[in-house]
Amino acid sequence: KKSEYKAAGEKLALLMCQSNRALKAKIGLASLGYTCRLSSSVLDYPIEMINNESLSHQQQNFPGKKNKNITPQSSPPCIICDNFLTDYQQQHLKDIFEDPESSYWVDHNYQIEPPSPYFSFVMPLNKDKSSLPPLKKMSSTSKNRKQDGFLDNLIQSILHLKPLRKKYPRLKKARYVEMWLHNRPHASGHQMHFDSDDEGRGGIRNPIISTIVYITAGCGGPSLVTNQRLGDDQLATHGWLCHPKEKRLVAFDGKVLHGVVPGKGVSPISDDSADNTSTDSNRNKRRVTLMLAFWDNIQIRHGGPKEPAIGAARPFPSKGQWLTELTKQMPESLSMPTDDARQKTSDHACSTIEETAPIPLDCVYETLDGQPWTEGMGLPDYNKVFQGF
């Protein structure tokens with residue numbers, strides 16, 4: 001079949017692009033109709049950066065050619081906050097979402113190939129910016145809802161994070177939060193896209209910011225954030241890579257183009273599979289992420305008889321094992337502390353949040369010959385840009 005030939009060709013091209021042989025993929029990519037691809041510095045990202053991001057960016061050796069026609073940007077549209085989660089918070093999220101056969105994924109028939117339709121849930125925020133999951137077990141009279149439940153507490157911590165409030169002053173205008181998750185194998189990326197209300201139907205409307213909470217680490221490729229915005233007449237000229245890391249939060253301007261680079265190399269094996277007793281489907285690690293986008297306005301869609309049971313911007317559900325765990329009330333001692341509280345505590349499980357610079361790229365797209373895609377080349381058709389899949 002033609003589709004199978006194309007899929008095999010794309011996988012071979014990705015293997016070449018991620019092993020310093022991008023030029024050998026030229027003929028194959030051209031025969032598949034591609035005219036442009038993500039640069040070698042994106043697809044063939046250095047693996048050592050995953051475990052050693054403290055290296056000076058100037059010391060790091062990226063494959064590919066630099067775009068000499070572009071001057072560096074001083075301020076990336078994204079920010080990385082390490083040690084955002086406590087040990088308890090990190091483990092609790094893993095317990096709920098790491099297993100691809102757990103309640104959340106099974107309840108929504110989540111799958112990778114063929115991919116499941118996008119689905120998300122929206123919650124309004126109170127004046128004090130706390131969310132309101134409609135669970136009977138949660139107090140409706142609490143004056144301080146930020147400590148009522150795990151998810152409320154997580155949302156509060158993001159909204160009151162000083163580095164985010166400083167970089168994104170419009171965050172104080174947030175009235176809604178949209179939540180979705182992914183649980184993907186190592187080599188599965190995510191196409192370059194803009195976050196938009198209802199996936200862009202009826203016009204593009206972007207969130208104030210989008211955030212990524214990494215539930216697992218050591219699996220999958222980095223998140224790629226660019227300086228490209230909707231309406232630009234050229235492709236992104238700069239990019240920033242953010243690797244999956246436990247306890248890490250990444251936030252970025254909701255109007256910029258972004259995606260996930262496919263993981264390179266052999267898929268990592270889960271620590272729980274060392275005894276080789278696990279099934280093949282559970283032996284490999286998964287790249288599990290929680291996304292929370294903050295909106296000043298978004299329509300909550302209840303669906304209808306002619307619409308799918310799940311979809312974009314649905315009301316927050318009221319039942320499900322995953323929901324019970326995600327919104328359960330927490331003892332105050334386990335709640336995520338504010339920035340000020342972190343500074344005062346000496347608890348080893350509550351480290352001070354650290355800002356980490358994203359890895360800058362001065363070339364995001366290249367021709368099939370490996371030359372930077374410059375402004376004069378215009379905007380190629382989206383389907384003619386090879387993204388690794």
Side-chain angles (χ1 to χ4, degrees), residues 1-50 57 60-72 112-113 115 184-194 220-228 232-241 243 257-267 359-389:
K1 294 182 180 180
K2 187 176 181 180
S3 60
E4 293 176 348
Y5 170 84
K6 185 174 186 293
E10 290 172 339
K11 290 183 183 298
L12 178 60
L14 177 61
L15 176 62
M16 291 180 173
C17 288
Q18 291 191 320
S19 56
N20 200 27
R21 295 178 289 169
L23 291 181
K24 291 187 177 182
K26 174 185 174 181
I27 295 177
L29 288 175
S31 70
L32 295 174
Y34 292 106
T35 59
C36 175
R37 60 171 170 80
L38 286 173
S39 67
S40 293
S41 54
V42 172
L43 292 174
D44 196 13
Y45 59 89
I47 293 180
E48 59 267 22
M49 284 186 181
I50 299 176
H57 296 317
Q60 293 165 359
N61 184 23
F62 288 99
K65 298 184 178 181
K66 294 185 177 181
N67 191 339
K68 298 180 179 179
N69 298 322
I70 298 171
T71 57
I112 304 301
E113 292 182 1
R184 300 175 183 270
H186 178 67
S188 177
H190 195 299
Q191 74 271 17
M192 301 299 291
H193 65 285
F194 297 98
S223 302
L224 171 63
V225 181
T226 77
N227 64 340
Q228 185 174 339
D232 286 354
D233 58 3
Q234 61 177 323
L235 291 177
T237 56
H238 285 78
W240 292 266
L241 295 176
H243 281 292
L257 187 74
H258 60 282
V260 178
V261 184
K264 60 184 290 187
V266 179
S267 179
I359 300 166
L361 305 174
D362 61 3
C363 183
V364 180
Y365 294 98
E366 291 176 340
T367 65
L368 301 187
D369 289 319
Q371 299 298 319
W373 191 276
T374 58
E375 181 178 358
M377 297 177 180
L379 281 171
D381 184 276
Y382 184 87
N383 293 323
K384 294 185 177 182
V385 180
F386 180 64
Q387 303 180 45
F389 45 86

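Keep in mind it's a predicted model, so treat the numbers as computed, not measured. Position 1 is the first residue of the sequence; numbering continues from there. The figures here come from the full heavy-atom set of this structure, side chains too, leaving out hydrogens, waters and symmetry mates.
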Would you say CD1 of Ile27 has more than 12 non-hydrogen atoms from neighbouring residues, nucleotides or ligands within 6.0 angstrom? no
Do Leu38 and Tyr365 pass the side-chain contact (heavy atoms from CB on, under 4.5 Å) test, and can you show the C-alpha distance, the side-chain angles, and the key distance before you say yes or no? CA-CA 4 Å; Leu38 286 173; Tyr365 294 98; 3.5 Å; yes
d(Glu366 CD, Thr374 OG1) to nearest 0.5 Å is 12.0 Å
Please check: side-chain N/O of His258 versus main-chain N/O of His193, any donor-acceptor pairing under 3.5 Å? yes
For the OG1 atom of Thr367 and the CH2 atom of Trp373, what is their distance to the nearest 0.5 Å? 7.5 Å
Determine, stepwise, if the pair Arg184 / Val260 fulfils side-chain contact (heavy atoms from CB on, under 4.5 Å). CA-CA 11 Å; Arg184 300 175 183 270; Val260 178; over 6 Å; no
Distance-only, no hydrogens or angles: does the Ser19 side chain make a donor-acceptor pair with backbone N or O of Arg21 under 3.5 Å? no
Do His238 side-chain atoms and Leu361 backbone N/O form a donor-acceptor pair below 3.5 Å? no
Under a 3.5 Å distance rule, please check whether Asp369 uses its side chain to pair with a backbone N or O of Gln371 as donor and acceptor. no
Checking side-chain polar atoms at under 3.5 Å, does Glu10 have a donor or acceptor matched by the opposite partner on Tyr34? yes
So, does Ser39 use its side chain to make a donor-acceptor pair with the main chain of Cys363 at under 3.5 Å? yes
Check for a donor-acceptor pair, side chain of Gln191 on one end and backbone N or O of Gln387 on the other, with a separation under 3.5 Å. no
Judged by atom type as modelled, is there a donor-acceptor pair below 3.5 Å linking the side chain of Ser40 to the main-chain atoms of Gly370? no
Above 12 or not: heavy atoms from other molecules or residues under 6.0 Å from OH of Tyr382? yes
Run Leu235 and Leu379 through side-chain contact (heavy atoms from CB on, under 4.5 Å) and show every step you take. CA-CA 6 Å; Leu235 291 177; Leu379 281 171; 3.7 Å; yes
